[in-house]
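Naming: A, B, ... by sequence-line order, numbering from 1 per chain. Computed over heavy atoms, backbone and side chain alike; hydrogens, waters and symmetry mates excluded.
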Amino acid sequence: MPRVIVASRMSVRPYTLVTDSAALGDCLETLRGQPLIGLDTETTGLDPFTSRVRLVQFSTPGDVFVIDCFAFGALEDSRLVGLLELPRPIKILHNAKFDARMLERHAGARLRGVFDTYLASQLVEAGAHGQTHSLRAVAERHLGVAIDKRQQLSDWSGILSADQVEYAAADVRVLLPLRAKLVEKIRELGLINVAKIEFDCAPVVARMENAGIYIDRVRWEALCEVTERAHAILRDRLMEDFSGAVQQMALFGKAEINLDSPTQVQDALHRLGIPVEGTRATELQHFAKHEIVARLLEYRTVAKQLTSYGRAMLDHIHPVTGRIHPQFIQIGATSGRFACMDPSVQQIPNAPEYRDAVRAPEGRTLVVADYSQIELRILADWSQDTALMKAFQSGEDLHRVTASQMFNVPLADVTKSQRSAAKSLNFGLMYGMGAQGLAMRIESSVAEAERLVHKYFSAYRGVEQWLREAGEQAVRDRESRTRSGRLVRYEFDDEDRAQTAGIARLGKNVPIQGTSADITKVAMIELDAALSGTDAQIVNTIHDELVVECDESIADATRDAVERTMTWAGQQFIRSIPVVVETSVSVAWNK
DNA sequence: GTGAAGGGCCAC
DNA sequence: AAACGTGGCCCTTCAC
């Protein structure tokens with residue numbers, strides 16, 4: 001053992017272990033004069049509410065400082081907090097969200113001036129398959145150096161081994177050269193704007209995760225109980241309905257049917273003479289005249305509610321905060337959209353009974369704000385289609401206007417089914433939907449769907465042209481860009497027509513979906529800054545919607561700030577038509 | 001037992 | 001045969 005320590009001591013450059021206030025002063029003196037510093041932390045666990053910060057490490061081109069927060073009150077030192085909160089020097093971190101959560105929780109610091117090598121790697125790789133973005137992988141890819149991560153999850157709460165401190169020093173040392181390589185790529189690929197957005201967003205996401213979202217346990221449990229009863233009743237009745245089929249199946253050794261098994265359900269339906277092809281809801285709907293199929297559809301809905309949105313949600317309530325702290329993945333989709341997990345609070349059913357249970361605690365309130373038709377506005381702005389722009393400038397109901405233009409009828413004479421067809425086209429065409437897809441969706445013949453698509457594009461020539469060119473360009477250049485310059489690269493075999501068609505669809509959708517993500521991220525950054533110094537806090541982001549929680553006494557001011565910053569962010573990317581943000585103030589997540 | 005794949009379904 | 005984009009969660013099935 002001693003041998004290993006000696007050997008590794010000799011093989012690495014020195015570092016300074018900071019264990020008192022005077023040494024911290026010297027360390028901060030050195031750091032303040034730097035334009036760029038590496039920053040990392042070692043913590044006793046991964047959860048900011050139950051773990052402590054043991055080490056804070058800084059690097060400069062010539063020095064590494066390892067601050068032992070257990071040796072003295074480093075995290076209470078206002079000089080350290082001041083350095084973290086100033087925009088300069090720039091702090092280089094790998095996955096800044098993690099350290100920002102810890103530093104906010106334990107030092108009360110609002111981290112600013114971030115360069116995040118994790119996010120930078122994701123931007124530079126632009127969605128390439130099979131690339132991971134761990135510090136180890138990124139350092140190996142760009143610097144050709146191997147990093148030993150064996151100590152990462154070691155016990156950081158006791159007496160530090162030389163190995164541990166050296167690991168901590170090595171980790172932070174690599175960040176400066178790594179940034180240099182990544183900056184080069186960011187410049188080459190024209191990603192400076194989007195990188196700035198992502199880096200500034202990371203501390204905002206950290207605060208959002210730390211804040212968490214409140215769920216009313218009693219309301220949620222009541223919802224679960226209702227669902228459980230309905231589930232039991234439907235299950236029993238379906239078992240009776242299926243008994244004939246099950247008896248047949250029993251001849252083959254199967255005495256029961258699992259209603260949650262699509263294969264078993266299909267088999268049983270076949271035995272009852274119902275020739276379903278798969279058991280998806282859209283397929284079952286065609287056979288809903290059979291009582292058993294109708295009941296199965298009901299069962300599916302309830303089963304989904306019970307499993308995905310049942311008591312499991314309550315297991316996520318944190319014992320320390322009493323709130324849910326989901327994980328937001330900042331570049332969750334290659335388009336730049338967020339993803340969310342453990343639990344995903346982006347996919348809670350949009351039904352009043354569920355949204356009522358997601359609320360503000362006593363004395364507080366929610367401001368809920370979403371962009372009105374943001375993706376279609378992006379399409380209108382990008383394509384400069386005269387008719388679509390005019391439709392938005394009129395301020396009328398968009399789908400109704402579309403129907404009026406498609407079918408050449410006055411606005412007031414648009415029928416329900418005309419509006420519905422227009423709506424399907426407005427949304428579907430952005431995803432690269434064809435006539436066949438439309439026919440499926442609106443349950444018409446393909447010929448009828450073709451006629452509708454033709455009518456749509458006759459009204460919106462500019463949209464047709466933009467979509468076609470966006471698809472062609474994606475296939476030709478093997479990449480797409482959003483308005484912020486975010487890059488998405490495509491790997492495909494251009495001999496494969498199905499793959500090529502898929503890339504063309506992405507080429508239409510990625511710039512639109514991704515620009516929407518750009519806008520939401522800029523809005524979050526601006527809003528977080530506007531709300532600093534108040535008790536208002538962003539608690540959820542759902543693609544084109546933000547949820548803010550604040551004391552009810554500042555609800556109006558908060559709503560104004562939300563509306564102003566979101567509108568402003570939208571206008572940074574959409575210049576030729578209005579950006580509309582709809583806000584509401586409510587104690588629950590209902591609009 | 002564990003993990004991957006696929007079906008199904010929730011969100012925008 | 002494929003058929004509108006981006007995700008995550010839960011279940012069953014099947015291979016190891």
Taking [atom1] from [X] and [atom2] from [N], how many angstroms apart are they, rounded to a whole number?
{"X": "A:Leu297", "N": "B:dC10", "atom1": "CG", "atom2": "P", "answer": "10 Å"}
{"X": "A:His231", "N": "B:dC9", "atom1": "NE2", "atom2": "P", "answer": "14 Å"}
{"X": "A:Asp267", "N": "C:dT13", "atom1": "CG", "atom2": "C1'", "answer": "15 Å"}
{"X": "A:Asn540", "N": "B:dA11", "atom1": "CG", "atom2": "C1'", "answer": "11 Å"}
{"X": "A:Glu545", "N": "B:dA11", "atom1": "CD", "atom2": "P", "answer": "12 Å"}
{"X": "A:Lys508", "N": "C:dC4", "atom1": "NZ", "atom2": "P", "answer": "10 Å"}
{"X": "A:His316", "N": "C:dC9", "atom1": "NE2", "atom2": "P", "answer": "8 Å"}
{"X": "A:Ile378", "N": "B:dC12", "atom1": "CD1", "atom2": "P", "answer": "17 Å"}

- Task: Between B:dG7 and C:dA2, how far apart are the P atoms? Round to whole Å, please.
- Result: 12 Å
- Message: If you define the side chain from C-beta out and look only at heavy atoms, does anything of A:Thr482 sit under 4.5 Å from A:Pro511?
- Response: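 No, too far: nothing below the 4.5 Å cut-off.
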- Query: Do A:Glu283 and A:Glu277 come within less than 4.5 Å of each other through their side chains, counting heavy atoms only?
  - Reply: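 Yes, close enough: below the 4.5 Å cut-off.
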Could you please name the option among [options] that lies closest to any side-chain atom of [X]?
{"X": "A:Gln347", "options": "C:dC9, B:dC10, B:dC12", "value": "B:dC10"}
{"X": "A:Gln436", "options": "C:dC4, C:dA2, C:dG5", "value": "C:dA2"}
{"X": "A:Asp260", "options": "B:dG8, C:dC11, C:dC9", "value": "C:dC11"}

Could you tell me whether [X] contacts a base, only the sugar-phosphate backbone, or nothing, with contacts defined as non-hydrogen atoms closer than 4.0 Å?
{"X": "A:Leu429", "result": "nothing"}
{"X": "A:Arg300", "result": "sugar-phosphate"}
{"X": "A:Met341", "result": "sugar-phosphate"}
{"X": "A:Arg505", "result": "sugar-phosphate"}
{"X": "A:Ala501", "result": "nothing"}
{"X": "A:Ile348", "result": "sugar-phosphate"}
{"X": "A:Arg497", "result": "nothing"}
{"X": "A:Gly437", "result": "sugar-phosphate"}
{"X": "A:Thr279", "result": "sugar-phosphate"}
{"X": "A:Ala498", "result": "nothing"}
{"X": "A:Gln346", "result": "sugar-phosphate"}
{"X": "A:Asp342", "result": "sugar-phosphate"}

- Message: With nearest nucleotide decided by heavy atoms, which residue, A:Thr334 or A:Pro262, maps closer to the 5′ end of DNA chain C?
- Response: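 Looking at the nearest nucleotide for each, A:Thr334 comes out on the 5' side.
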- Do the side chain of A:Lys304 and the base of B:dC9 come within less than 3.5 angstrom through a donor-acceptor pair of N or O atoms?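 In this structure, the two groups form a donor-acceptor pair.
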- Task: Using only heavy-atom distances, decide whether a donor-acceptor pair under 3.5 angstrom links the side-chain of A:Arg337 to the base of B:dC12.
- Result: yes
Can a side chain N or O of [X] be found less than 4.0 Å away from OP1 or OP2 on [N]?
{"X": "A:Gln264", "N": "C:dT13", "answer": "yes"}
{"X": "A:Asn509", "N": "C:dC4", "answer": "no"}
{"X": "A:Asn258", "N": "C:dT12", "answer": "yes"}
{"X": "A:Ser335", "N": "C:dG7", "answer": "no"}
{"X": "A:Ser261", "N": "B:dG7", "answer": "no"}

- Parallel, tilted or perpendicular: ring planes of A:Trp382 versus A:Trp466, cut at 30 and 60 degrees: tilted
- Quick one: do A:Glu479 and A:Arg481 make a salt bridge, cutoff under 4.0 Å?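 Salt bridge: yes.
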Counting only heavy atoms from other residues, nucleotides and ligands, does the tally under 6.0 Å from [atom1] of [X] exceed 12?
{"X": "A:Lys455", "atom1": "NZ", "answer": "yes"}
{"X": "A:Arg355", "atom1": "CZ", "answer": "yes"}
{"X": "A:Arg441", "atom1": "CZ", "answer": "no"}

